[in-house]
> 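I have a structure I would like to understand better, so I am pasting it below and will then ask my questions one at a time.
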Amino acid sequence: MSSSAHSFVSIAQASKEQIEELLRRSAYFEQHPNSELLKGRVVATLFFEPSTRTRLSFETAVNRLGGRVIGFSDASTSSTSKGETLNDTIKMVANYADLIVMRHYLEGAAQWASEVTDVPIVNAGDGANQHPSQTMLDLYSILKTQGRLEGLTITMVGDLKYGRTVHSLLQAMKFFRPKFRFVASRELAMPEEYLRFCRENGIEYEEHTEFSPEVIAESDIIYMTRVQRERFADPLEYEKVKDLYTLRKSMLGVAKPNLKILHPLPRVNEIDRDVDSCPEAYYFEQARNGVFARQAIITDALGIEIPDTKH
Ligand code: NCD
């Protein structure tokens, strides 16, 4: 990727080379988690929506790179609660920090922020739209567990309508000839714009309403998702769909030996706890990979060369 500073707001704007460079960097940071590459730099983390893993792994990434973190994890404690606009908040924080990591409930917020400041913006999730840093840790997890990204059958299950993690992952996979299986109720089906994206990019997909043994048997990756309660206007609609798909250990008998189960977490009821001890369960390691992927993203966004990205 270019050595100058730049924002990272959407995976759809990334080239295959950029994605591969970030994966090489992730592997480097897994081997060399602690360094002084960010010495003297300040990173702001602005979270206008709840988060555990994303914020803490970004902050761990900065700390392990020798940088410093400022920010807030709850916008109600910031001047947003006094009526400050996002525009003003971003312009102010840009005075204090070398890079801004932000999560916002409005789709397009990170893109918009990147247009009002020269300080690089890293999107940590914008509404139901994008979650590109999650995608990088998902790709890194897939690569680590499968030994490749090319030609895999990836089954996405649950809330495919509002889930930003599946939207970003789907877009990033266009470089790697995936086959997708989308398992969702009609209410939470993959939106037409993403189905069209698949067709335009020659990506094979099937839509299913049933999480059947046939679908499990052909999967290399099963990507479970939480029903995104906070995006529902009507709580009764959420109640109707919240528990439609639960993956249990008893369903894994038909799985291929290389199957891995991913989930961006937090989980509610989508994965029974009896799956946690199965060899297919990979979601906790996946979250650990988030630190390395975010070290990769931060150093790259700041145009910081790392000693050796080839190993
Ligand atoms: C995801 C998110 O925020 O979109 N969580 C995460 O960042 N690991 C998924 C979710 O909240 O369900």
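Worth saying up front: this structure is predicted, and the values here are computed from it rather than measured. Indexing begins at 1, ligand by ligand and atom by atom, following the structure's order.
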> Does NZ or CZ of Arg294 come closer than 6.0 Å to the centre of the six-membered ring of Phe58, within 45° of the ring's axis?
yes

> Is the closest side-chain donor-acceptor distance between His263 and Arg226 under 3.5 Å?
no

> Which atoms form the tightest heavy-atom contact between Thr165 and Thr135, and what is the distance?
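Heavy atoms only, the tightest pair is O-OG1, 4.3 Å.
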
> Just distances here: any N/O of Pro264 and N/O of ligand 1 closer than 3.5 Å?
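By distance alone, the answer is yes.
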
> Looking just at side-chain N and O atoms, do Gln130 and Gln171 make a donor-acceptor pair shorter than 3.5 Å?
yes

> Of all the non-hydrogen atoms in the protein, which one sits nearest to atom 11 (O) of ligand 1, and at what distance?
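Atom 11 (O) of ligand 1 sits closest to the protein heavy atom Arg226 NH2, 2.9 Å.
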
> Less than 4.5 Å apart, side chain to side chain, heavy atoms only: is that true for Lys260 and Ile221?
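A side-chain contact under 4.5 Å exists here.
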
> Can you find a pair of side-chain heavy atoms, one from Asn87 and one from Trp112, that are under 4.5 Å apart?
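Counting from C-beta outward, Asn87 and Trp112 do come under 4.5 Å.
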
> With heavy atoms only and a cut-off of under 4.0 Å, state how Arg103 meets ligand 1: side chain, backbone, both or neither.
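Near ligand 1, Arg103 shows its side chain, while the N, CA, C and O stay back.
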
> Enumerate the atoms of ligand 1 whose separation from the nearest heavy atom of Gln134 is less than 4.0 angstrom.
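Ligand 1 atoms under the 4.0 Å threshold to Gln134: 6 (C), 7 (O), 8 (N).
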
> Work out whether the distance between some heavy atom of Ala287 and some atom of ligand 1 is less than 4.0 Å.
no

> Considering only heavy atoms, which of Thr54, Leu265, Thr52 lies nearest to atom 1 (C) of ligand 1?
Leu265

> Quick one: does Glu230 get an N or O within less than 3.5 Å of an N or O on ligand 1?
no

> Going by distance only, is there an N or O of Thr165 that falls short of 3.5 Å from an N or O of ligand 1?
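Not met; the criterion fails.
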
> Identify, for atom 4 (O) of ligand 1, the protein heavy atom at the shortest distance, and state residue, atom and that distance.
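Ranking protein heavy atoms by distance from atom 4 (O) of ligand 1, first comes Arg164 NE, 2.7 Å.
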
> Let me check something: any side-chain donor-acceptor pairs from residues 197-205 under 3.5 Å, sequence neighbours excluded? List them with distances.
| unit_1 | atom_1 | unit_2 | atom_2 | d |
| --- | --- | --- | --- | --- |
| Arg199 | NH1 | Tyr205 | OH | 2.8 |
| Arg199 | NH2 | Glu192 | OE2 | 2.5 |
| Asn201 | ND2 | Phe197 | O | 2.8 |
| Glu204 | OE2 | Arg181 | NH1 | 3.3 |
| Glu204 | OE2 | Arg181 | NH2 | 3.1 |

